[in-house]
Amino acid sequence: MPTLITALLVAAFSFRLVSADLSSGLNGAEVNAVFPGDSNYADASRAYNLRFTLEPAAVAYPTTPEEVSSIIQVGVDNNLKVVARSGGHSYAANGLGGQNGSLVIDMSNMKAITIDSSANTAVIETGNRLGDVALALNAAGRALPHGTCPYVGIGGHSAFGGYGFTSRLWGLALDPIFAINAVLANGTIVRATEDLYPDIFWALKGAAPSFAITTSVEVNTFAAPSYAIVMEYSWSSVDYEMAGQYLYSFQNFSLSGPPSALAGELVLSRGSEEGQVTFALTAAWYGDGDEDSANSAIQPFLDVMPTPTSSQILGDGSYIDSVSVLGGTTLDTSEAPDITDTFYAKSIMTPESEPMTLEACTSFMQYLATEGFTSNTAWFTQIELYGGPNSKIREIPNNATAFSRRDTLFTFQLYASSSNSLPPYPAEGFTFLDGMVSSVTSNMPETWNYGAYTNYLDNELENWQTLYFNDNYPRLKSIKDQVDPADTFWFPTSIEE
Ligand SMILES: Cc1cc2nc3c(=O)[nH]c(=O)nc-3n(C[C@H](O)[C@H](O)[C@H](O)COP(=O)(O)OP(=O)(O)OC[C@H]3O[C@@H](n4cnc5c(N)ncnc54)[C@H](O)[C@@H]3O)c2cc1C
Ligand SMILES: *[C@@H]1O[C@H](CO)[C@@H](O)[C@H](O)[C@H]1NC(C)=O
Ligand SMILES: *[C@@H]1O[C@H](CO)[C@@H](O)[C@H](O)[C@H]1NC(C)=O
Ligand SMILES: *[C@@H]1O[C@H](CO)[C@@H](O)[C@H](O)[C@H]1NC(C)=O
Ligand SMILES: *[C@@H]1O[C@H](CO)[C@@H](O)[C@H](O)[C@H]1NC(C)=O
């Protein structure tokens with residue numbers, strides 16, 4: 001309690017220092033911060049994607065919501081744009097502001113996870129990474145839907161959606177959230193729910209970074225499945241025309257409504273000869289039963305395919321081992337430092353009501369088999385299964401939360417790194433990925449209502465307002481106008497006034 005009162009007094013005090021400079025403002029708020037020129041500034045301001053070198057005005061490390069409020073007020077007093085960083089994995093370094101000179105609120109000192117085992121809920125502070133969340137919940141027999149990379153932060157991930165292998169079963173990472181504790185641009189600390197600040201709650205579920213700094217999310221947890229395994233199949237040296245057919249068959253299988261306990265993702269990569277691709281499927285099964293239940297769920301697709309070049313079943317049958325296998329690295333993120341990459345990525349979300357034509361599937365594979373064969377980048381593409389009639393993602397209407405692309409069948413992630421994962425990123429790498437997108441879209445009707453995924457953020461994307469937010473954009477703009485009229489929470493692709 002004394003700390004709280006001190007923080008509030010300090011906040012009230014610093015609010016009056018209108019002309020105070022940034023460092024004395026943050027010092028006055030008694031918040032840890034790193035400034036340009038400090039010996040740890042380079043580390044504190046390093047982006048996950050080394051394509052970006054950014055110089056924030058400061059990186060501040062709050063420990064309480066009250067300190068977050070003080071920092072925002074110091075930022076406003078100094079006319080700075082303010083952003084939060086959770087896991088720092090934004091594809092365009094938006095956790096550092098996406099520009100030079102922003103004030104960064106790094107959440108890494110706020111890592112509490114409080115589990116209520118009788119209500120089956122949890123309060124998760126936004127300094128946590130996905131691996132740590134999975135481990136803590138699993139220790140209580142519980143779980144949440146979320147992406148595979150253990151180092152991604154729950155703050156950014158759940159702000160923009162959050163797709164993982166249990167999403168057809170449980171929804172996106174943002175779906176189990178029933179309350180969001182956040183600090184607004186005017187420094188007010190709120191708990192937003194469907195009843196309290198309902199407009200803000202709606203906007204935070206899909207577009208949070210434009211509206212508030214989230215300090216914790218309150219979620220309904222799920223019982224960890226009693227059985228889970230991961231299945232990998234690979235077909236090597238596939239001629240592009242065959243690969244187009246395989247994708248079309250996977251779409252057909254997906255539309256037939258496989259059980260929600262089944263997850264699937266195609267992975268396309270460079271072929272061994274020009275004109276070919278490597279076609280792989282990673283599937284997973286979460287539910288009662290055993291290997292036979294898992295196999296029979298994927299069998300209708302395997303029935304229309306040739307025998308795979310290789311296949312394997314991964315995991316010991318426990319839920320947490322399936323998370324670990326998919327994560328590909330330790331789930332305990334305190335064990336090893338985070339890595340970096342130098343890359344550009346794009347995405348396509350295909351509407352379930354307008355499936356791809358065989359021509360679009362084949363054109364995509366032809367592009368990968370020719371341009372992809374000669375590309376000077378290290379690239380991969382993933383086609384994630386979101387939809388199908390049994391998917392939980394689509395049970396919620398597109399306008400129920402800010403996340404507007406729930407009627408998606410597939411989300412394509414198109415990802416190319418520099419060949420050694422270090423700068424510079426080759427200029428051809430941008431046009432290479434643009435061409436990948438148009439190899440699909442140019443073979444679909446002009447009116448095709450496809451989208452793009454906010455968590456695979458593309459800083460070069462034109463028409464992002466529609467591709468990301470579609471029909472929800474006007475309402476987002478009007479809430480932005482009310483809640484953040486000075487545009488304090490600005491970054492490239494933040495909601496406009
Ligand atoms: C290796 C890797 C694997 C991935 N795998 C998946 C996957 O399987 N599924 C999937 O859906 N996505 C995946 N992603 C994408 C990932 O979900 C996004 O990059 C996500 O936004 C990263 O969140 P973060 O907190 O780590 O990043 P940050 O850079 O910290 O934040 C991202 C954005 O959210 C904002 N933000 C962060 N914290 C807060 C907060 N507390 N309050 C308000 N705004 C905040 C930031 O300002 C920034 O705009 C992956 C990314 C990488 C790099
Ligand atoms: C930020 O500043 C650095 C160092 O001066 C510079 O290299 C970089 O291009 C700047 N970035 C932007 C987006 O202006
Ligand atoms: C499409 O799916 C049906 C079953 O739903 C199957 O009988 C048919 O062979 C599939 N066609 C292709 C091209 O995969
Ligand atoms: C969503 O759209 C439906 C149908 O158009 C409408 O009835 C409903 O009120 C909308 N909900 C919200 C939250 O805007
Ligand atoms: C801060 O903004 C919120 C949302 O617009 C509003 O409800 C609240 O009254 C504001 N608080 C102050 C102190 O202005």
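Every heavy atom of this structure was used, including side-chain atoms; hydrogens, water molecules and symmetry mates were not. Both ligands and their constituent atoms are indexed starting at 1 by order of listing. Computed from a predicted structure; not experimentally measured.
- Looking at atom 17 (O) of ligand 1, its nearest protein heavy atom turns out to be H157 ND1, 2.8 Å.
- Considering both main-chain and side-chain atoms, G153 comes within under 3.5 Å of ligand 1 through a nitrogen or oxygen pair.
- For atom 48 (C) of ligand 1, the candidate residues are A92, P145, A207, G95; the nearest heavy-atom contact is made by G95.
- One option in N94, I105, V152, V183 has a heavy atom closer to atom 49 (O) of ligand 1 than any other, and that option is N94.
- Which of G162, G156, S90 comes nearest to atom 37 (C) of ligand 1 through a heavy atom is settled by distance: it is G156.
- Proximity of A182 to ligand 1, defined as any heavy-atom pair under 4.0 Å, is not found for any part of the residue.
- S216 and N181 share a side-chain donor-acceptor pair at under 3.5 Å.
- Using the six-membered ring where Trp is involved, W170 and F222 have ring planes that are parallel, under 30° apart on the 30 and 60° scheme.
- Here Y151 and Y48 keep their ring centres 6.0 angstrom or further from each other.
- A donor-acceptor pair shorter than 3.5 Å can be found between the side chains of N186 and T188.
- A side-chain N or O of R405 and one of N449 form a donor-acceptor pair less than 3.5 Å apart.
- Residue contact check for ligand 1: A159 places no non-hydrogen atom closer than 4.0 Å to it.
- Polar contact with ligand 1: present for T214 (N/O pair, distance under 3.5 Å).
- Ligand 1 has no atom lying under 4.0 Å from any heavy atom of Y151.
- Listed for the E352 side chain is a donor-acceptor partner under 3.5 Å among the backbone atoms of G388.
- The shortest N/O to N/O separation between R85 and ligand 1 does not fall below 3.5 Å.
- Residue contacts with ligand 1 do not include G161, since none of its heavy atoms lies under 4.0 Å from the ligand.
- Looking only at heavy atoms of the protein, atom 15 (C) of ligand 1 is closest to N455 O, 3.4 Å.
- The N/O atoms of G88, backbone and side chain alike, include one that comes under 3.5 Å of an N/O atom in ligand 1.
- Only the side chain of N100 comes within 4.0 Å of ligand 2, counting heavy atoms alone; its backbone N, CA, C and O stay farther away.
- A donor and an acceptor atom, one from each side chain of T466 and N463, are located under 3.5 Å apart.
- Between Y456 and F412, the distance from one ring center to the other does not fall under 6.0 angstrom.
- No hydrogens or angles considered: nothing links the side chains of S404 and N398 as a donor-acceptor pair under 3.5 Å.
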side-chain contact (heavy atoms from CB on, under 4.5 Å) evaluation trace for I124 with L144:
CA-CA 11 Å; I124 302 172; L144 283 176; 3.7 Å; yes
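- No salt bridge links D338 with R46; every basic N to acidic carboxylate O contact stays at or beyond 4.0 Å.
- Nearest-heavy-atom check against atom 39 (C) of ligand 1 across A84, A208, G127 picks out A84.
- Using the six-membered ring where Trp is involved, H157 and H146 have ring planes that are perpendicular, over 60° apart on the 30 and 60° scheme.
- Outside the 6.0 Å centre-distance limit, the rings of F160 and Y453 are not counted as a close aromatic pair.
- From the protein, the heavy atom lying nearest to atom 43 (C) of ligand 1 is A212 O, 3.3 Å.
- Side chain to side chain, N455 and Y91 fail the donor-acceptor criterion of an N or O pair below 3.5 Å.
- Scanning the protein heavy atoms around atom 19 (O) of ligand 1, the nearest turns out to be H89 O, 3.0 Å.
- In this structure, atom 8 (O) of ligand 1 lies nearest to the protein heavy atom T148 N, 3.1 Å.
- The side-chain contact (heavy atoms from CB on, under 4.5 Å) test with F403 is passed by exactly one of D175, N472, L174: L174.
- Looking from atom 35 (C) of ligand 1 to the surrounding protein, the closest heavy atom is P209 CG, 3.5 Å.
- Summary of contacts: the protein heavy atom closest to atom 13 (C) of ligand 1 is Y456 CE2, 3.7 Å.
- For F489, the closest heavy-atom approach to ligand 1 does not fall below 4.0 Å.
- Not a single heavy atom of G97 sits under 4.0 Å from any atom of ligand 1.
- There is a side-chain donor-acceptor pair under 3.5 Å between S108 and D106.
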What short N/O contacts, under 3.5 Å, does ligand 5 make with the protein, listed by atom pair and distance?
unit_1   : atom_1 : unit_2 : atom_2 : d
ligand 5 : 2 (O)  : N186   : ND2    : 2.3
ligand 5 : 11 (N) : N186   : ND2    : 2.9
ligand 5 : 11 (N) : T188   : OG1    : 3.2
ligand 5 : 14 (O) : N186   : ND2    : 3.4

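- No side-chain donor-acceptor contact under 3.5 Å links Y61 and E67.
- Looking at atom 2 (C) of ligand 1, its nearest protein heavy atom turns out to be C149 CB, 3.7 Å.
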